[in-house]
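Everything numeric here is computed off the predicted structure, so don't read it as measured data.
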Amino acid sequence: MKNDPSSNPLRQLYRRTYVLRVLGMGLGALPIAVVLQQRHGNWQAWAWAMLVCFAWPHFAFLMARHGRDPAATERRNLLLDSFFAGTCAPLMHFNLLPSVVLIAVVAADKVTTGIRGLWPRSLGWTAAGIVLGGLLTGFAAAPASDMAVVMASLPILVIHTLVVSAISYSLVRRVQLQNLRLKELAHTDPLTGLHTRRHWEQSVAAMLAALRPDATATLLLIDLDDFKVVNDTHGHPIGDDVLRAIGTIVREQVADRGPAGRLGGDEIALVLPVDPSGAGAIAERIRADVESLRFPLAPSLRCSVSIGIAPRPHGGNHPREWIEAADRALYQAKDAGRNRVGGHASDIPPV
């Protein structure tokens with residue numbers, strides 16, 4: 001699947017450019033027709049204009065659709081667009097406004113494709129079209145554009161510009177949304193929905209730096225009791241279900257009051273803007289909620305967590321010493337029998 005040619009987005013390029021080609025060439029026919037009518041163009045000039053403006057977009061689409069390599073065929077078609085646009089300038093005796101508009105519109109289509117280097121390459125094809133058309137018309141020049149020509153040039157100038165702008169806006173919005181998703185993936189643990197360790201540490205460090213010296217905050221460090229036994233007995237998918245459920249409990253209890261993150265494995269940390277006593281009450285609710293968890297795919301499974309709490313460190317703006325203090329409180333809870341909260345003042349036993 002990795003080398004499947006159909007997975008190449010450029011294979012579908014001809015479908016995206018078809019609409020712009022039909023629109024640009026079709027609207028371009030209007031000023032060309034006005035100029036040819038004013039200068040009493042011969043049937044060969046009319047035939048070439050109709051071929052370029054109305055037949056070529058559909059012919060290009062069919063060639064790309066049925067070609068062996070649609071992407072390569074469409075890249076060639078895009079260069080031919082520039083060549084044909086170039087031939088239309090001497091066809092109109094270089095009538096200034098429609099010549100410039102038509103060539104600029106075709107060039108804008110190259111930029112919209114996003115193909116690197118296509119736009120500069122197309123300039124040579126445009127120049128070749130101008131030279132060839134000039135040789136056939138004797139380089140006759142009548143650059144003045146009267147009001148009729150100006151009015152005939154407005155539809156392609158306005159409508160095509162708006163369509164290209166809408167397409168560009170759509171692409172920009174898509175990239176912005178993709179960047180937001182990537183940022184979310186980089187900052188959020190996919191299993192628990194909590195912050196990743198790095199993002200959590202950055203958030204806590206920023207919070208410490210912003211807090212007033214006398215502001216209160218408490219760290220809770222949560223560890224699932226006997227998580228290895230859960231995985232060994234019930235399997236890793238059930239272990240993931242347990243972590244997912246605990247992540248949900250933590251998010252509900254925190255309710256965006258402070259950063260909560262998965263530090264790794266079965267260890268979760270969160271910071272709350274409360275004193276150790278208030279944090280202990282929240283920790284006890286988390287402990288009780290985890291104890292009440294039930295899993296339909298593992299009816300016999302009973303879970304518990306041990307939680308260590310530590311007040312905000314004084315004189316430091318890095319979460320490391322805060323985590324170490326909470327880790328010591330966590331092991332106090334583990335040593336005291338697990339399924340309990342180890343705190344700053346006294347251990348809070350389970351209900």
For this session: Mark yes or no for whether Thr73, through its side chain, and Gly67, through its backbone, hold a donor-acceptor pair below 3.5 Å.
Result: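 No, Thr73 side chain to Gly67 backbone: no donor-acceptor pair under 3.5 Å.
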Problem set entry | Arg312 (side chain) donor-acceptor with Ala215 (main chain) under 3.5 angstrom | yes
Spacing of [atom1] belonging to [X] relative to [atom2] belonging to [Y], to within rounding of 0.5 Å:
| X | Y | atom1 | atom2 | answer |
| --- | --- | --- | --- | --- |
| Ile309 | Ile222 | CD1 | CD1 | 11.5 Å |
| Thr192 | Asp240 | OG1 | CG | 10.5 Å |
| Ile238 | Leu243 | CD1 | CG | 11.5 Å |
| Trp125 | Leu118 | CH2 | CG | 11.0 Å |
| Leu194 | Thr196 | CG | OG1 | 10.0 Å |
| Thr216 | Leu272 | OG1 | CG | 12.0 Å |

List the atom pairs, with distances to 0.1 Å, where a side-chain N or O of residues 19-32 and a protein N or O form a donor-acceptor pair under 3.5 Å, not counting sequence neighbours.
| unit_1 | atom_1 | unit_2 | atom_2 | d |
| --- | --- | --- | --- | --- |
| Arg21 | NE | Asp81 | OD1 | 3.0 |
| Arg21 | NE | Asp81 | OD2 | 2.9 |
| Arg21 | NH1 | Glu74 | OE2 | 3.2 |
| Arg21 | NH2 | Glu74 | OE2 | 2.8 |
| Arg21 | NH2 | Asp81 | OD2 | 2.9 |

Exercise. Can you name the residues that form a ring pair (Phe, Tyr, Trp, His ring centres under 6.0 Å) with Phe227, not counting sequence neighbours?
Worked result: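 Once residues adjacent in sequence are excluded, Phe227 has no partner under the ring pair (Phe, Tyr, Trp, His ring centres under 6.0 Å) criterion.
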For this session: With sequence neighbours excluded, tell me which residues meet ring pair (Phe, Tyr, Trp, His ring centres under 6.0 Å) with His195.
Result: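 Partners of His195 by the ring pair (Phe, Tyr, Trp, His ring centres under 6.0 Å) criterion, ordered by chain and then number, come out as His199.
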Using the salt bridge (Lys or Arg N to Asp or Glu O under 4.0 Å) rule, collect all pairs that involve [range], keeping only residues at least two apart or in two chains.
| range | result |
| --- | --- |
| residues 128-142 | none |
| residues 257-279 | Asp189-Arg262 |
| residues 217-228 | Asp223-Lys334, Asp225-Lys334, Asp226-Arg338, Lys228-Asp232 |
| residues 97-116 | none |

Exercise. Taking atom types as modelled and ignoring hydrogens, do the side chains of Gln38 and Asn95 form a donor-acceptor contact shorter than 3.5 angstrom?
Worked result: no
With a 6.0 Å cut-off (strictly less than), is the heavy-atom count around [atom1] of [X], excluding the residue itself, greater than 12?
| X | atom1 | value |
| --- | --- | --- |
| Met50 | CE | yes |
| Arg285 | CZ | yes |
| Phe59 | CZ | no |
| Tyr18 | OH | yes |

Exercise. Where is the tightest heavy-atom contact between Leu219 and Ala326, given as atom of each residue plus distance?
Worked result: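 Where Leu219 meets Ala326 most closely, the heavy atoms are CD2-CB, 3.6 Å.
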Partner residues of [X] under the side chain to side chain contact (heavy atoms under 4.5 Å, CB included) criterion, sequence neighbours left out:
| X | answer |
| --- | --- |
| Ala107 | Trp119 |
| Val290 | Ile246, Ile249, Ile286, Leu293, Cys303, Val305 |
| Arg294 | Arg302 |
| Thr233 | Val229 |

Problem set entry | Glu284 with Arg287: basic N within carboxylate O range, under 4.0 Å |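 Here Glu284 pairs with Arg287 in a salt bridge, since their nearest N and O are under 4.0 Å apart.
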Exercise. Is there side-chain contact between Ile130 and Ile103, with at least one heavy-atom pair below 4.5 Å?
Worked result: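 With C-beta onward as the side chain, the pair touches.
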For this session: Compare all side-chain heavy atoms of Asp241 with those of Arg244 and state whether any distance is below 4.5 angstrom.
Result: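 SC-SC contact between Asp241 and Arg244 confirmed.
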Problem set entry | From CA spacing to verdict: side-chain contact (heavy atoms from CB on, under 4.5 Å), Trp200, Val271 | CA-CA 10 Å; Trp200 181 84; Val271 175; 3.9 Å; yes
Scan the side chains in residues 83-94 for donor-acceptor partners under 3.5 Å anywhere in the protein, sequence neighbours excluded, and list what turns up.
| unit_1 | atom_1 | unit_2 | atom_2 | d |
| --- | --- | --- | --- | --- |
| Thr87 | OG1 | Trp48 | NE1 | 3.0 |
| Thr87 | OG1 | Phe84 | O | 2.6 |
| His93 | NE2 | Arg39 | NH1 | 3.4 |

